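Here is the structure we will look at.
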Amino acid sequence: MRVKYFAWVRERIGKAEETLEPPAEVRTVDDLIGWLAARGETYAHAFEKPKVIRAAIDHAHVKPDAMIAGAREIAFFPPMTGG
Amino acid sequence: MRVKYFAWVRERIGKAEETLEPPAEVRTVDDLIGWLAARGETYAHAFEKPKVIRAAIDHAHVKPDAMIAGAREIAFFPPMTGG
Amino acid sequence: MTVAATIRIQDADFDVAQEIAALTKGRTDIGAVVSFTGICRGSEKGEPIAALTLEHYPEMAEAEIRRHADEALSRWPLQGLAVIHRFGRIAPGENIVLVVTASPHRRAAFEAAEFLMDYLKTNAPFWKREEGVHGTGWIEASDHDDAAAARWTKS
Amino acid sequence: MTVAATIRIQDADFDVAQEIAALTKGRTDIGAVVSFTGICRGSEKGEPIAALTLEHYPEMAEAEIRRHADEALSRWPLQGLAVIHRFGRIAPGENIVLVVTASPHRRAAFEAAEFLMDYLKTNAPFWKREEGVHGTGWIEASDHDDAAAARWTKS
């Protein structure tokens, strides 16, 4: 699946997007955050406060317990500050 | 005192303003409406439903029990429909 | 900072963009601008109308609008405020009234504009007469408008 | 009558008057038009800023705004609706966002515009980075904005 990062999540990880294939036991958005945070220091820094991280699957906001099976694109970002 | 009429109050009375000297026992706006209504058919028609008539003394809205002593200009009109 | 409201009562049309620019031009402290434009509709209660004619009480209208504008300035942190109300004959599609509010924050700009419109509808000395297909007549005041204005009364 | 919302995400500035005209021109059924313009302020929490840079999620932003625009169209009797959100670098005094609503009645136009702004602030995938005197940083989301958006949730 394609994973995208925005704002300071993107800056901390150091890339805007990547293609990843998490293992089968990574089932929810929350699982994915945990799996990403274990990938290295930059990821650990980006996801150090999982509660503030927002996620979208295929361009729609989702909650941390949303299932990721079948997702083509998952995005992680801080709370939005548009408008 | 100068008395002004607007909208259908003006149309029913047939004039936009006049100068009147009501007798001393006409003390409130309500008294003045009663006194005016007794001046003739056109006035009776204009003031046939005193409750819908609004009044202003010297360019400020007032209630029917407002005293008219000292007023330079009193206006009568229907509920406003601006905006 | 003291803010003076711009209030104009005129038969000429107005330009929304020009009024917004007058409040905001050259400033970098304004975060939110709300404009409300009231427009003459081509029908009232399902009946077509050819035009409205707005009668007003000139000596009172500006004082009354200024009183409410000053109340808005005291209740909300506004940086600019303009109210323009037209009188005379106005055809369907033409502008009737404009309120513009500027504030650091959007909520204040929205609330102050809505407050002013509710009060203009019920307290500003203007009366609308419509030219319909069956002759002319005065538009009646609306209970909805009275209720809308009552929302802003402090208890 | 089906109303389609105009939604644009662009780096260019917009013209409020032109967007209002696009919704109202040639029509005689609109009674009320509300515009909201969000402007870049020259300071944040007392600290001067040189500019904002808005990052966004292009594939999601239009879909997310359209979802809320469609909700507004279903909740209020609107005759026209436009939302324009800029991205990129924006200097103090420049426009950031515009919402325009048109309705037969003022209350609907006000409420729909405020609803959309509250949702844009909290749900549209845009992030503001400020260039301050001590470097740059991301603006933090506001609890006030979350509370404002929550007002519109149907219970």
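Proteins come first, then strands; the chains are lettered A, B, ... in the order of their sequence lines, and each starts at number 1. From a predicted model like this one, the values you see are computed outputs, not experimental measurements.
Between chain B and the options C:Thr122, C:Ile139, C:Asn123, heavy-atom pairs under 4.5 Å are most frequent for C:Asn123.
Taking 4.5 Å as the heavy-atom cut-off, none of the residues of residues 46-54 of chain C approach chain B. Scanning residues 34-46 of chain B against chain C with a 4.5 Å non-hydrogen threshold yields no residues.
In this structure, C:Arg67 CZ and B:His61 NE2 are separated by 7.5 Å, a value rounded to the nearest 0.5 Å. Between the CZ atom in B:Phe6 and the NE2 atom in C:His56 there is a gap of 8.5 Å [rounded to 0.5 Å].
Around the CZ atom of B:Arg27, the shell of radius 6.0 Å holds no more than 12 heavy atoms that belong to other residues, nucleotides or ligands. With a 6.0 Å radius and a threshold of 12 heavy atoms from other residues, nucleotides or ligands, C:Gln10 has its CD atom above the threshold.
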Identify each donor-acceptor pair in which a side-chain atom of residues 64-83 of chain B lies under 3.5 Å from a protein atom, sequence neighbours left out, and give them as a table.
| residue | atom | partner | partner atom | Å |
| --- | --- | --- | --- | --- |
| B:Glu73 | OE2 | B:His59 | NE2 | 3.1 |
| B:Glu73 | OE2 | C:Tyr57 | OH | 2.5 |
| B:Thr81 | OG1 | C:Lys128 | N | 2.8 |

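Heavy-atom distances place no part of C:Arg86 under 4.5 Å from chain B, backbone and side chain included. Contact of C:Glu55 with chain B is made through the side chain alone, with heavy-atom distances under 4.5 Å.
In this structure C:Arg151 satisfies the side-chain contact (heavy atoms from CB on, under 4.5 Å) test together with C:Glu114, C:Asp118, C:Ala148, D:Arg107, sequence neighbours excluded.
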